[in-house]
Amino acid sequence: MLSWVHVTLEAIDPTAIDRHLEDPASGGRVLFEGVVRDRHHDRQVLALEYEAYAEMAGEQLRAIAATMTARWPIRRVAIVHRIGRLLVGETAVVVGVASLHRAEAFEACRYGIDAVKRDVPIWKHEHYADGTSRWQENDC
Amino acid sequence: MLSWVHVTLEAIDPTAIDRHLEDPASGGRVLFEGVVRDRHHDRQVLALEYEAYAEMAGEQLRAIAATMTARWPIRRVAIVHRIGRLLVGETAVVVGVASLHRAEAFEACRYGIDAVKRDVPIWKHEHYADGTSRWQENDC
Amino acid sequence: MVVVRLFAQVRELAGTSAIQLELPDDARAADVASAIVERFPLVAPLMPSARIAINRAFADADTPIRVGDEVAVIPPVSGG
Amino acid sequence: MVVVRLFAQVRELAGTSAIQLELPDDARAADVASAIVERFPLVAPLMPSARIAINRAFADADTPIRVGDEVAVIPPVSGG
């Protein structure tokens, strides 16, 4: 299986990602990991919730992975996005690429996370220490 | 500690890398993992040995990490290179970067692995299934 | 008649996660946006930056909508 | 007199991982390369692509060498 994408309510398991990127012909892997930050501008973030249009999010992730494998000579793609409630420091998203050469792994991974942030229907609702909360928008 | 570099004879521990990249202010991490491939051109690789000029390799890795943190606004760097005998599929090198924004994490990580492959005195001796062996050179 | 799903801030301001819309036979994606604004004036400021999805793919303003299509309003996303 | 460390294919062809070289007082990095070739003709084909390191940093051809320096011949690397 060339690509593996997943929207999950559970903590992202790095060994599952590694397993899907495993390939004896690939010399390099590039991974992007998005982690919940402790602040947004000057406000302290306590936690956040990701809401998803899950069916479309899955389709969009599959389309992004398909574009990556079509556009670059890469051998494996794994994209996982967690939804639900996350705490500071927890991993929200991983985009992983395995390929023979590193140039295309970097380019494809960068494309992948940019596309996830632009085109996957997932929304982040941040809860701040001052009791307020806010729906975010990606700048991309 | 902003950066952590290490040349080791033991298997690379991903949780040690994660621990050194941990930072509540960083929203993204980019990792490059170099893995032993099963073939070099048309020859089947069974295993390989990395030899190092260990003292200088350590200094070069520190210099590369220092250049990365000076040139990009990143918050954490971890570079680990394994030496000794490795089997196909084992991880030889990891370059990890944590930062607020992903653009600089990708750029710094790419710079880091390129510099490792160009300037760190470590040499790969490949053993093939046909009984021959060969010292490799990076193309960079 | 189509069901339109609402998400995130649009869902909150509309107070519902799905509504049913009566649309003319020749309706297009842009008509969904107008119908939502008419029904939920509070949502109006969000609609210029929202996209319409039809059957789980982003639609253009003039993409036709057919009975049974899965329609959704997608405000600016913030995944990743 | 300086000790020169040899690695990888250079080490194998020279048959040793370190040699002692007598160098003139005004010796520079390029003189190390010449002295190695003189002592180990088998290594000659590798030297044009090798770099000289002095005290664990890459040296230019005209970097001076002083007594007690840590000198090394660095054939093309293949880490990563």
> Are any non-hydrogen side-chain atoms of C:Phe7 and A:Met56 less than 4.5 angstrom apart?
Replying inline: no
> Which bit of A:Glu55 is near chain C, if near means a heavy-atom gap under 4.5 Å: side chain, backbone, both or neither?
Replying inline: both
> Around C:Glu38, counting heavy atoms of other residues, nucleotides and ligands shown, do more than 12 lie under 6.0 Å from its CD?
Replying inline: no
> Is there a donor-acceptor pair under 3.5 Å between the side chain of A:Trp123 and the backbone N or O of C:Pro75?
Replying inline: yes
> Near C:Asp25 CG, under 6.0 Å, is it more than 12 heavy atoms from other residues, nucleotides or ligands?
Replying inline: no
>> What part of A:Gln136 gets within 4.5 angstrom of chain C, counting heavy atoms only: side chain, backbone, both, or neither?
In response: both
> What part of A:Glu49 lies closer than 4.5 angstrom to a heavy atom of chain C: side chain, backbone, both or neither?
Replying inline: neither
>> I need the minimum non-hydrogen distance between A:Ala92 and C:Gly80, along with the two atoms involved.
In response: CB-O, 4.3 Å
> Can you list the steps and then say if C:Arg51 with A:Asp119 is a side chain to side chain contact (heavy atoms under 4.5 Å, CB included)?
Replying inline: CA-CA 10 Å; C:Arg51 290 179 276 183; A:Asp119 289 334; 2.9 Å; yes
> Is it the backbone or the side chain of A:Ala52 that comes under 4.5 Å from a heavy atom of chain C, or both, or neither?
Replying inline: backbone
>> Exactly one of C:Arg56, C:Glu70, C:Arg5 should register a side chain to side chain donor-acceptor pair (under 3.5 Å) with A:Tyr53. Which one does?
In response: C:Glu70
> Any idea which heavy atoms bring C:Val77 and A:Ile122 closest together, and the distance?
Replying inline: CB-O, 3.5 Å
>> I'd like to know if the side chain of A:Asn138 and the backbone of C:Pro76 have a donor-acceptor N/O pair within less than 3.5 Å.
In response: no
> When you measure from the side chain of A:His125 to the backbone N and O of C:Ala8, does any donor-acceptor pair fall under 3.5 Å?
Replying inline: no
